[in-house]
2 protein chains.
Amino acid sequence: MKPTVHDIARSAGVSLATVDRVLNGRPGVRAVTRSKVEEAIAALGFVRDLAAANLAKSRTYSFVFILPDYDNSFMKGLRREVVAASERASTERTEIRIVAVPHFDPHALVAALEEVLADKPNGVAFVAIDAPEVREIAAKLNEAGVPMVTLVSDLPASSRDHYAGIDNIAAGRTAGSLLGRFLSGREAQVAVLAGSMLVRDHRERVEGFLAVMAEAYPNLRVLPVIEGRDDSALVEEKVSEAFEVTPGIAGIYSLGGGNRGLLRVLRKVPVEARPVVVAHDLTDATRAALGEGIIDAVLNQDAGHEVRSAVRVLKAKADGLPVIEAQERIRIDIFLKDNLP
Amino acid sequence: MKPTVHDIARSAGVSLATVDRVLNGRPGVRAVTRSKVEEAIAALGFVRDLAAANLAKSRTYSFVFILPDYDNSFMKGLRREVVAASERASTERTEIRIVAVPHFDPHALVAALEEVLADKPNGVAFVAIDAPEVREIAAKLNEAGVPMVTLVSDLPASSRDHYAGIDNIAAGRTAGSLLGRFLSGREAQVAVLAGSMLVRDHRERVEGFLAVMAEAYPNLRVLPVIEGRDDSALVEEKVSEAFEVTPGIAGIYSLGGGNRGLLRVLRKVPVEARPVVVAHDLTDATRAALGEGIIDAVLNQDAGHEVRSAVRVLKAKADGLPVIEAQERIRIDIFLKDNLP
DNA sequence: CTGTTAGCGCCTTCAA
DNA sequence: TTGAAGGCGCTAACAG
């Protein structure tokens, strides 16, 4: 049988209370006594039963998830996953509160984080905006000892404990390689369609993409980035325009939202003239387009994985436990029509 | 506060013991009493605290993992992951016993499963061999109520509760599409390198690959499957031979082990004559080759994910709890040199 | 500084 | 068929 607090109390010749004080690093124990207990712990190889401890403490974990109030497919899916996680969590003495903030609004995010700082929950996860004010409040939260996970979009060189999201530079590179290989050697022009170059993840995807183009595909000329603001209608308009101005577009990297607009344009292009398309985010629209052969590859980040990972990490941090790095690494999923889930 | 057994005992006007009997479906309760209790449970929305229950029962989960005693990179990695999982599990009242069996030996596997049947642990995970004897003992285990997960290789139409592994037909199709696209339209010959066509996952990969070739790439001629028995030396020999017999090989799908042998041959091929190569399993060797550009894409199944998933599923089954399907789906990871972990 | 005692939420004898 | 009481491993008052 695994040793319990009773065993080490007996072995060290002290009472349960003293063992507990040592275990939890509470004051009021003479150094001699403390070391007696510590020796017993080491000798018996005692590890405390977290479940029993939590039961005794009636401990409940309280986490806050701050999500942008944004209505594209990805954010909707992310929200759904957080809600699902929160429902499951309630069975396990874990309460997840969801806070919505206006999107792309650093001040709103800061305000939400300030409330968190006042609340002092056991952890907070949020979709970061890379702005000085945000970094500042993040530093404060860190000092206050609130475990912090950035979700989907990171805060560089910050005081967050963990980032649950993909490497966007690598994603851009991956898209570049796929497009380059699929176009194999043809002299051609390639369009890049982003949401907004003000958003860090989009910038990084473009950066990675352009790097690969420059390194490996001199035959491809990349047109100026089109910003569609993740908005189908605007995307449709701008892409149509691009096709008129540059009839020879042979490849498209769509790294933001609004793919429905893109697809409306593509469906009008004669089959033999269709460009190779690599897009982001597996949604009903992109999935269908992949099946039809209108999109050639979809890069995806698994929102469910990101949320579950964030919860696991917050719990581990709250307990001072180690994280299984490999489990928490968010993959850049590549989907062809053949490996759709 | 969430309701506890006390609350429902009071609300139903019975004792704790009776509530417990109803909760655990034990006999010795009059139907009237039972329904009183059930009403209270429903009315208060009671859900039992599994952690507390397990503590009271001093419950420990006992799982058995049966792994082939096989020494390629993948199986070594798998074993490592099971060991790691077993170490973590010991903290959580979960004991994982690892049993090694000679590989490709249905009888040995059956013998191991028979011991499991005698033992009746709370769950068993094993790398299946698709043979009638195995299906038979699996059916018996199922009848005996032992939760069962197949790992890496499945048992079709069987009585397993869950399969923790990839869809190998889809993997073959994915490889086919990548190779087809990377070779874009060239008239060429393609070699397929398998371990053994006696193993189900290899057969399925070939099947998926050939299907895509037939459907979408009439320009590519697929040479007869080379069986390298997952053995570097043999692979090297047979691939060398293939290159002599068919100098024009422009693509290779390596779906089994022994990639080191393949790489030795490829490194001798003049750069301009190098074939497009899609291989399976991310190992030190394939990772390096991906970086060098000798391999173009690697398909991978994450052994760590498979093992953690198997443990989670076994625990859920043992507790009669639902499984989060999306979490347990094992992806076909596609790695280019740009998205290596 | 240290020990005693009473729980946390649930399960399990043992009596009635 | 039902209930009372004690315990799982740990924590937290409250006394000494």
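Residue numbers begin at 1 in each chain, while the letters A, B, ... track the order of the sequences.
When distances run from any side-chain atom of A/T4 to the nucleotides C/dG3, C/dC10, D/dG9, the shortest one goes to D/dG9.
Following rounding to the nearest Å, B/E92 (CD) and D/dG9 (C1') show an atom-to-atom distance of 16 Å. Here D/dA12 presents its C1' atom at 10 Å from CZ of A/R21, a figure rounded to the nearest Å. If you take CZ of B/R10 and P of D/dA4, they are 14 Å apart, rounded to a whole angstrom. Protein atom CG of B/L16 is 11 Å distant from nucleotide atom P of D/dA5, rounded to whole Å. Spacing between atom NZ of B/K2 and atom C1' of C/dG9 amounts to 10 Å, rounded to whole angstrom units. In this structure, A/D20 atom CG and D/dC14 atom P are separated by 16 Å, rounded to whole Å. Taking atom CE of A/M1 as the reference point, atom P of D/dG7 lies 15 Å away to the nearest angstrom. In this structure, B/H6 atom NE2 and C/dC8 atom P are separated by 7 Å, rounded to whole Å.
B/D7 and B/S11 are not linked by any side-chain donor-acceptor pair at a separation below 3.5 angstrom, with hydrogens and angles left out of the test.
Among the protein residues, A/V19 comes within range of no part of the nucleic acid, since none of its heavy atoms lies under 4.0 Å from any strand.
If you find the closest nucleotide of DNA chain D to B/V14 and to A/A51, the one lying nearer the 5' end belongs to B/V14.
A salt bridge is defined here as a Lys NZ or Arg NE, NH1 or NH2 lying under 4.0 Å from an Asp or Glu carboxylate O, and A/D302 with B/R331 meets this definition. In summary, A/R97 and A/D119 engage in a salt bridge, as defined by a charged side-chain N under 4.0 Å from a carboxylate O. One finds a salt bridge joining B/R79 and B/D71 here, because a Lys/Arg side-chain nitrogen approaches an Asp/Glu carboxylate oxygen to under 4.0 Å.
Annotation: proximity of residues 22-48 of chain A to DNA chain C (heavy atom, distance under 4.0 Å) is found for A/G28, A/V29, A/R30, A/T33, numbered in ascending order. Near DNA chain C, defined here as any heavy-atom distance below 4.0 Å, the residues from residues 52-61 of chain A are A/L55, A/A56, A/S58, listed numerically.
The two residues B/L314 and B/P147 make their nearest non-hydrogen contact at CD2-O, 3.8 Å. The nearest pair of heavy atoms linking B/E306 to B/L78 is OE1-CD1, 4.4 Å. Residues B/I330 and B/A164 come closest through the heavy atom pair CG1-C, 3.9 Å.
For A/T18, no side-chain nitrogen or oxygen approaches OP1 or OP2 of C/dT2 to under 4.0 Å.
For the pair B/T91 and A/L50, the minimum side-chain heavy-atom distance is 4.5 Å or more.
Annotation: cation-pi geometry not satisfied between B/R48 and B/F46 (NZ/CZ under 6.0 angstrom from ring centroid, within 45° of ring axis).
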